[in-house]
Asker: 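Can you keep this structure in mind? I'll have questions shortly.
Note that the coordinates shown come from a computational prediction; the quantities given were computed from them, not determined experimentally. By convention here, the first residue in the shown sequence is residue 1.
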Amino acid sequence: PTEVHPKEAVTIVASVVNTGGTEGSYSVVLKINGVKEAEKTVTIAAGESQDVSFSVIKEEVGSYAASVDGLSGSFTVAAPPVNWPLIGGIIAGVVIVVVLLISVVRREKI
């Protein structure tokens, strides 16, 4: 996904192709905002390709640039949406409890 919430995973996939005539190994490096995040080594037969995937989890809200050996993309970590029905329910519950307490206190004074 191009947008996630904090602590949600982003999967980054790159296809590595061996265009040479013999089997070879290659180190695939993932960088996030220019900093090495992960590295995987793959061995690929001549003329074959292999997908390499990385899973990234970020906690801080913001935009992140991802690059794998010159290929680039980006994703955003967005703040989770506000759950207004839940907040409204909590406020209503607190108001009801306060009204009930005031009612009980007034009845005891009479």
Side-chain angles (χ1 to χ4, degrees):
T2 57
E3 183 172 302
V4 295
H5 298 298
K7 299 182 182 178
E8 287 184 344
V10 173
T11 301
I12 298 165
V13 181
S15 184
V16 180
V17 180
N18 182 347
T19 58
T22 60
E23 178 179 273
S25 293
Y26 186 75
S27 291
V28 183
V29 177
L30 168 67
K31 292 183 179 180
I32 303 293
N33 292 343
V35 178
K36 181 178 170 181
E37 180 86 12
E39 181 175 357
K40 291 183 179 180
T41 301
V42 293
T43 301
I44 304 172
E48 297 293 319
S49 66
Q50 181 176 340
D51 286 345
V52 179
S53 66
F54 299 94
S55 183
V56 177
I57 297 175
K58 295 294 184 186
E59 295 184 19
E60 293 184 28
V61 172
S63 294
Y64 294 88
S67 66
V68 177
D69 297 330
L71 300 173
S72 63
S74 63
F75 64 95
T76 301
V77 177
V82 176
N83 189 342
W84 289 112
L86 176 63
I87 292 172
I90 292 171
I91 291 170
V94 169
V95 168
I96 290 169
V97 169
V98 169
V99 168
L100 289 173
L101 286 174
I102 291 172
S103 175
V104 168
V105 168
R106 285 190 176 171
R107 285 187 183 180
E108 288 180 6
K109 288 184 178 182
I110 296 177

Asker: Nearest heavy-atom pair of S49 and V17: which atoms, and what distance?
Answerer: CB-CG2, 3.7 Å
Asker: Counting only pairs under 3.5 Å, give me each side-chain donor-acceptor contact of residues 4-16, with atom names and distances, residues two or more places apart or in other chains.
Answerer:
unit_1 : atom_1 : unit_2 : atom_2 : d
H5     : ND1    : A78    : O      : 3.3
E8     : OE1    : H5     : N      : 2.9
S15    : OG     : D51    : OD1    : 3.4

Asker: Per the ring pair (Phe, Tyr, Trp, His ring centres under 6.0 Å) rule, what does the pair list look like for residues 12-32, sequence neighbours excluded?
Answerer: none
Asker: How long is the span from the CD1 atom in I96 to the CD1 atom in I91, to the nearest 0.5 Å?
Answerer: 12.0 Å
Asker: With side chains defined as the heavy atoms from C-beta onward, is the minimum distance between V28 and L30 less than 4.5 Å?
Answerer: no
Asker: Using 0.5 Å steps for rounding, measure from the OG atom of S74 to the CD atom of E3.
Answerer: 11.0 Å
Asker: Output a table of donor-acceptor pairs, distance under 3.5 Å, between side-chain atoms of residues 53-66 and any protein atom two or more places apart or on a different chain; print 'none' if there are none.
Answerer:
unit_1 : atom_1 : unit_2 : atom_2 : d
K58    : NZ     : E37    : OE1    : 3.2
Y64    : OH     : E60    : O      : 2.9

Asker: Treating Ile, Leu, Val, Met, Phe, Trp and Tyr as nodes and any side-chain heavy-atom pair under 4.5 angstrom as an edge, say whether V68 and V29 lie in one connected cluster.
Answerer: no
Asker: Heavy atoms only: give me the nearest D69-S27 pair and the separation to one decimal.
Answerer: OD2-O, 3.9 Å
Asker: Determine whether V98 and V104 fall in the same hydrophobic cluster, where Ile, Leu, Val, Met, Phe, Trp and Tyr are linked whenever their side-chain heavy atoms lie under 4.5 Å apart.
Answerer: no
Asker: Write down the atom of T41, the atom of S25, and the distance for their closest heavy-atom approach.
Answerer: CG2-CB, 4.4 Å
